[in-house]
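Comments concern the structure below.
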Amino acid sequence: MPVLAAYFAALQRDLLLVMRRKTEVLTALFFFVIVTTLLPLGIGPEPDLLRKIAPGAMWIAALLATLLGLQRLFAADHADGTLEQIVLSPEPLCVLVAGKITAHWLVCGLPLVLLAPVIGLQFDLPADAIGILMLSLLIGTPLLSLLGAIGAALTLGARGSALLVSLLVMPLYIPTLIFGAGAVESYIAGLGASGHFSLLGALLILAAAFAPWATTAALRISLE
Amino acid sequence: MPVLAAYFAALQRDLLLVMRRKTEVLTALFFFVIVTTLLPLGIGPEPDLLRKIAPGAMWIAALLATLLGLQRLFAADHADGTLEQIVLSPEPLCVLVAGKITAHWLVCGLPLVLLAPVIGLQFDLPADAIGILMLSLLIGTPLLSLLGAIGAALTLGARGSALLVSLLVMPLYIPTLIFGAGAVESYIAGLGASGHFSLLGALLILAAAFAPWATTAALRISLE
Amino acid sequence: MLAASKLSCIRGTQTLFNDINLQLDAGQWLYLQGENGAGKTSLLRILAGLSLPTEGEVLWQNAPIAQQRSQYHQDLLYIGHHAGLKEDLTLTENLQALCRMDGLRISDAAIREALTRMGLAKRQHLPARVLSAGQKRRGLLARALLRPAKLWILDEPFNALDINAIADVQRLLKAHLASGGLLVLTSHQPPDLGIDAPGFILNLSVPR
Amino acid sequence: MLAASKLSCIRGTQTLFNDINLQLDAGQWLYLQGENGAGKTSLLRILAGLSLPTEGEVLWQNAPIAQQRSQYHQDLLYIGHHAGLKEDLTLTENLQALCRMDGLRISDAAIREALTRMGLAKRQHLPARVLSAGQKRRGLLARALLRPAKLWILDEPFNALDINAIADVQRLLKAHLASGGLLVLTSHQPPDLGIDAPGFILNLSVPR
Amino acid sequence: MINWFKYSAPSTFYPLAGKLIPVFWTLAALLGAIGLYISFFVAPTDAQQGEGYRIIFIHVPASWMSMFIYCIMAFWSLLGLTFNTRLSGMMTRALAPTGALFAFLSLWTGALWGKPMWGAWWVWDARLTSELILFFLYIGFMALQAAIDDPRRADRAGALLSLVGVVNVPIIYFSVKWWNTLHQGASVSLTKSPSMATTMLWGMLTMALAFWAYTIAVALMRARTIMLEREGNTEWVQHLPDVKEAA
Ligand code: HEM
Ligand SMILES: Nc1ncnc2c1ncn2[C@@H]1O[C@H](COP(=O)(O)OP(=O)(O)OP(=O)(O)O)[C@@H](O)[C@H]1O
Ligand SMILES: Nc1ncnc2c1ncn2[C@@H]1O[C@H](COP(=O)(O)OP(=O)(O)OP(=O)(O)O)[C@@H](O)[C@H]1O
Ligand SMILES: [Mg+2]
Ligand SMILES: [Mg+2]
């Protein structure tokens with residue numbers, strides 16, 4: 001399948017770029033760790049309080065970590081002129097964009113999912129709540145990458161300031177945050193999380209179908 | 001005083017640049033607003049809980065907002081070659097750097113101080129606590145800009161990923177966070193905040209004396 | 001093959017050009033001349049489909065390019081002002097990635113050969129970041145050896161190149177034309193495209 | 001005035017040059033020649049104090065430049081490969097900001113005149129972002145008219161310039177030399193610096 | 001008087017390090033064996049904590065080392081920035097991973113110990129938190145070094161960072177301490193741990209010495225590798241017996 005080949009070509013290129021700067025793989029992760037570490041330092045070390053806000057705070061931290069990586073998603077390629085070449089590729093731009101988004105998730109999203117249990121332990125969350133948290137992040141972080149890509153593409157022409165991206169993307173992130181953090185909290189409250197999960201899943205499917213397409217459109221607009 | 005003239009020249013240039021993209025003035029601010037808005041969405045709307053964590057959370061939000069602007073502090077000038085010209089200026093680099101740091105604070109720090117009361121009211125903080133919060137931010141945010149500049153300069157050659165700056169700078173921010181958020185919390189707890197303030201002030205003086213100098217050294221290293 | 005009808009381009013309050021009509025066939029070249037700021041780059045980007053003209057349209061094989069993007073991009077090689085290389089990747093990796101995203105499978109040997117022809121044999125495994133201005137440019141031009149494309153659109157290809165490299169690139173251009181390719185280029189150093197290759201010179205003047 | 005003793009530069013595993021000694025006096029020029037990747041830019045950056053040589057040192061008026069940075073920078077004008085303009089500012093603002101950070105007070109009229117001389121009168125209030133490649137370069141070279149500096153170090157100043165602009169810049173260079181200035185430059189288009197101005201050509205060769 | 005500058009030249013340091021490495025490995029193995037023997041067989045079972053407390057023999061020396069190594073890195077950095085010696089950058093770089101390793105070990109063993117003792121893997125105690133931050137400082141240092149390609153620049157940037165860091169470490173330590181005590185009384189305090197028996201102290205000291213020897217051996221090995229990488233084309237490397245054989 002030539003289309004698949006193009007998808008993997010874009011994916012592989014971005015992963016290769018990340019591997020070249022080995023630190024980048026780790027930094028999204030450490031940003032997550034550090035934000036969650038700041039939390040007790042800011043609001044105090046009482047275990048009960050911390051346990052209560054942990055799921056929400058971890059979700060917010062994941063969201064910010066993803067956000068930070070986002071603004072590099074296209075801006076770097078734009079600045080060095082390689083984005084022009086990508087746009088001029090005979091393969092469908094949408095597919096290449098999807099490859100890039102996947103790479104972003106693999107680098108900025110997946111590691112957070114894998115690290116979440118450790119942070120959860122630091123906040124003394126029960127084991128089953130940690131499981132739910134991981135699952136919610138596993139469905140939620142791709143969603144964050146997909147939605148964020150639209151914002152990243154839109155702000156390109158505006159010489160993508162990190163802050164502008166955040167501004168555009170945050171409102172889109174709110175439903176994800178509510179359902180993601182909500183899943184864990186309602187599970188802890190004994191209400192079950194399946195409702196939240198099905199909503200998250202629905203959002204993910206929707207986003208996977210439309211976000212690459214919207215991102216492509218946004219890219220074309222930004223590049224004029 | 002020629003040295004002062006150079007300081008103001010650097011300051012004015014950076015402010016002019018920000019004014020050109022009017023959004024940038026607002027975005028640090030909006031980031032702050034949005035992070036604090038996400039908080040109730042992530043951890044639930046209980047007023048008591050929110051009031052309790054508000055000072056810490058607002059401090060963390062301020063810290064992250066400052067951080068986001070940081071990585072542009074020198075990276076933008078580096079990418080377009082104007083940093084080379086700044087380094088080659090006959091005026092002491094240290095002074096120009098101080099001007100740039102001041103501009104960063106005026107754009108990313110000061111607006112947060114001014115906005116803090118509004119957010120504080122949203123979290124239902126008492127008026128006097130809000131005053132203390134503002135004061136702590138007023139002393140603390142310049143500290144964040146000064147320390148952050150070192151990290152921003154160090155990561156220059158390293159194709160300054162936003163995340164790497166965070167990684168380097170976050171540990172350095174911890175005392176500021178602790179004393180800043182601590183001031184408000186211990187005031188609310190009826191313990192008085194003067195101890196915290198004097199420590200914050202001491203840190204600020206120390207940083208103001210050494211950070212521009214360390215930043216200059218870091219810049220020279222990064223540019224080799 | 002390549003045609004443009006009634007192209008005009010307005011930037012800000014300035015009309016860069018107005019009512020430009022073109023018709024370029026196999027084996028022909030178009031050389032854009034003009035002072036700095038005359039609108040050469042703007043025209044090339046419009047021809048490549050990277051930006052839209054204020055009026056008029058660009059046709060490739062008699063159809064508007066916007067309606068056949070994939071086909072047009074297949075036939076097009078555009079090299080602009082930008083270095084266009086990922087600084088962290090080596091030249092080999094850069095070219096490999098570009099070709100694969102274009103849907104081509106190019107062997108390492110082919111890339112090595114192309115780089116060797118551009119005089120970069122010894123530099124193929126260095127990250128693009130450490131290369132000199134001219135080496136980057138040469139590396140990018142090696143794409144022309146790897147990708148079969150009917151239409152080349154080159155924006156100041158000789159910039160930053162030394163005399164040998166310029167001669168190499170000229171040979172390349174001639175060969176492309178001889179094999180029936182189309183060429184649109186601009187440069188402040190007038191290229192020598194061989195006497196027998198038919199072509200046009202289009203002179204743009206700076207808007208006053 | 002400008003001297004260099006035993007300069008050598010190693011990049012990665014390659015020795016770009018070794019044991020370069022220079023001595024340049026008032027009114028003299030040094031023209032660096034060499035293929036792409038020979039190390040011209042590297043040498044210029046070392047002379048400007050932007051990077052450190054692996055060995056050797058650069059002297060300005062008989063003292064190492066590292067020991068008198070402020071004085072050296074006062075006397076130096078360096079224009080490199082980079083565009084070196086803030087894209088969001090107009091040319092006037094760009095030049096204004098640069099001069100003020102250099103500790104100079106330049107009137108708007110002086111800047112207007114310099115830009116006019118570089119043929120940018122009509123472009124002075126446009127943000128640099130929208131300017132053409134050559135216009136950016138011209139704008140940057142206008143610094144040479146604004147800042148009195150004894151030593152000019154220029155890295156391919158003719159890049160992206162059209163023929164008229166190249167002639168203008170050549171005249172500028174000659175005037176600079178005639179008034180006792182020093183000039184170090186590299187370019188792939190051999191400059192004409194006037195027959196009576198004494199100077200040297202330094203040929204660097206690519207490390208194999 | 002010893003000419004220190006002579007020994008800080010890679011060409012003299014390399015063979016010297018080559019001779020020292022086996023010595024330190026042997027020391028590390030010997031001391032480690034003795035230390036482990038003391039901690040498992042000589043030291044008595046603790047009345048309150050049972051056998052689990054024996055983790056202290058790893059935990060405490062590891063914590064010590066993590067702090068020491070950062071100071072040593074700062075010391076080398078200071079040397080490097082003032083005298084511009086190449087060796088100091090290599091040593092700093094060679095030490096960092098070991099420092100991070102010990103910080104991690106301290107965190108890990110502490111966490112393992114915390115679960116039975118406090119019922120939680122982690123509490124936001126002052127000492128724990130500052131150890132965690134120290135770990136971040138190490139990670140930051142290594143990330144910075146990895147992100148800069150030019151080795152000389154990486155060295156100098158790392159040196160500056162570790163100096164800035166070492167100035168901050170006490171500030172961080174005291175602020176964290178103060179932060180914690182202000183909020184809650186010492187619900188868990190490490191200093192209240194049972195007064196140490198002499199054997200325990202000996203056990204910990206021996207283990208600490210073993211860790212020292214290990215650190216030195218590993219750092220020298222890494223420094224030698226870095227040296228070969230960086231100076232591969234210089235004459236003294238070409239004339240090394242190992243290199244000549246390989247060629
Ligand atoms: C992840 C969790 C932990 C971390 C990061 C940690 C960190 C440290 C550090 C940095 C030190 C050295 C302090 C110094 O010598 O000044 C230390 C010493 C010590 N730790 Fe831990 N620790 C942890 C958990 C524990 C636990 C659970 C216990 C047992 C209840 C414990 C018992 C001790 C003891 C007895 C010392 C020696 C105290 C002294 O000599 O002052 N630690 N720990
Ligand atoms: N928004 C705008 N307002 C006014 N003029 C504009 C605007 N945008 C672009 N221009 C002008 O349009 C022209 C664009 O020129 P272009 O880049 O196509 O020139 P070029 O012929 O490629 O020049 P060069 O030889 O320097 O590369 C420039 O003269 C520029 O000043
Ligand atoms: N880390 C490295 N390893 C190997 N070679 C390197 C390294 N860094 C730089 N180089 C080489 O050093 C040279 C740098 O050349 P420089 O930029 O000074 O060339 P130049 O003479 O200005 O060329 P141009 O005419 O293309 O501008 C290039 O040949 C480059 O390949
Ligand atoms: Mg152009
Ligand atoms: Mg060059």
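Each chain gets a letter, A, B and so on, in the order its sequence line appears, and its residues count up from 1.
The most heavy-atom pairs under 4.5 Å with chain D, out of B/Leu96, B/Val95, B/Leu93, come from B/Leu96. Heavy-atom pairs under 4.5 Å with chain B peak, among D/Gly80, D/Ala97, D/Ser51, at D/Ser51. Each of D/Arg143, D/Arg69, D/Gln71 has some count of heavy-atom pairs under 4.5 Å with chain B, and the biggest count is that of D/Arg69.
Of the N and O atoms on the side chains of D/Gln96 and B/Arg13, not one donor lies less than 3.5 Å from an acceptor on the other residue.
Heavy-atom neighbours of B/Phe210 CZ from other residues, nucleotides or ligands within 6.0 Å: at or below the threshold of 12. When the shell of 6.0 Å around CZ of D/Arg117 is examined, it contains 12 or fewer heavy atoms from other residues, nucleotides or ligands. Under a cut-off of 6.0 angstrom, the local environment of CD1 in D/Ile163 is sparse, with at most 12 non-hydrogen atoms contributed by other residues, nucleotides or ligands. Open room surrounds CG on D/Asn62; 12 or fewer heavy atoms of other groups in view lie less than 6.0 Å from it. Within a 6.0 Å sphere centred on CD of D/Gln23, other residues, nucleotides and ligands contribute more than 12 heavy atoms.
Of the inter-residue distances, the one linking D/Gln74 atom CD with B/Ser89 atom OG reads 8.5 Å to the nearest 0.5 angstrom.
Contact record, D/Arg45 with B/Leu223: NH2-O, 4.2 Å, taken as the closest heavy-atom pair. Residues B/Val87 and D/His73 share a closest heavy-atom pair of O-CE1, 3.2 Å.
Looking at B/Ile86, only its side chain comes within 4.5 Å of chain D, counting heavy atoms on both sides. Contact of D/Glu93 with chain B is made through the side chain alone, with heavy-atom distances under 4.5 Å. For D/Leu76, the part lying under 4.5 angstrom from a heavy atom of chain B is the side chain only. Both the backbone and the side chain of B/Leu88 come within less than 4.5 Å of a heavy atom in chain D. Contacts between B/Ala79 and chain D at a heavy-atom distance below 4.5 Å involve the backbone alone (N, CA, C, O). Looking at D/Arg105, there are no atoms closer than 4.5 Å to chain B (heavy atoms on both sides), in backbone or side chain.
At a threshold of 4.5 Å between non-hydrogen side-chain atoms, the residues D/Leu85 and B/Asp80 do not count as touching. Counting heavy atoms from C-beta outward, D/Lys86 and B/Arg20 have side chains that stay 4.5 Å or more apart. Proximity of B/Leu17 to D/Leu89: side-chain heavy atoms (C-beta onward) are separated by under 4.5 Å at one or more points. Side-chain contact between D/Leu77 and B/Gln85 is absent, with no heavy atoms from C-beta onward closer than 4.5 Å. Using a 4.5 Å cut-off on side-chain heavy atoms (C-beta onward), B/Glu91 and D/Met101 make no contact.
Without hydrogens or angle criteria, D/Ser70 side chain to B/Pro90 main chain gives a donor-acceptor distance under 3.5 Å.
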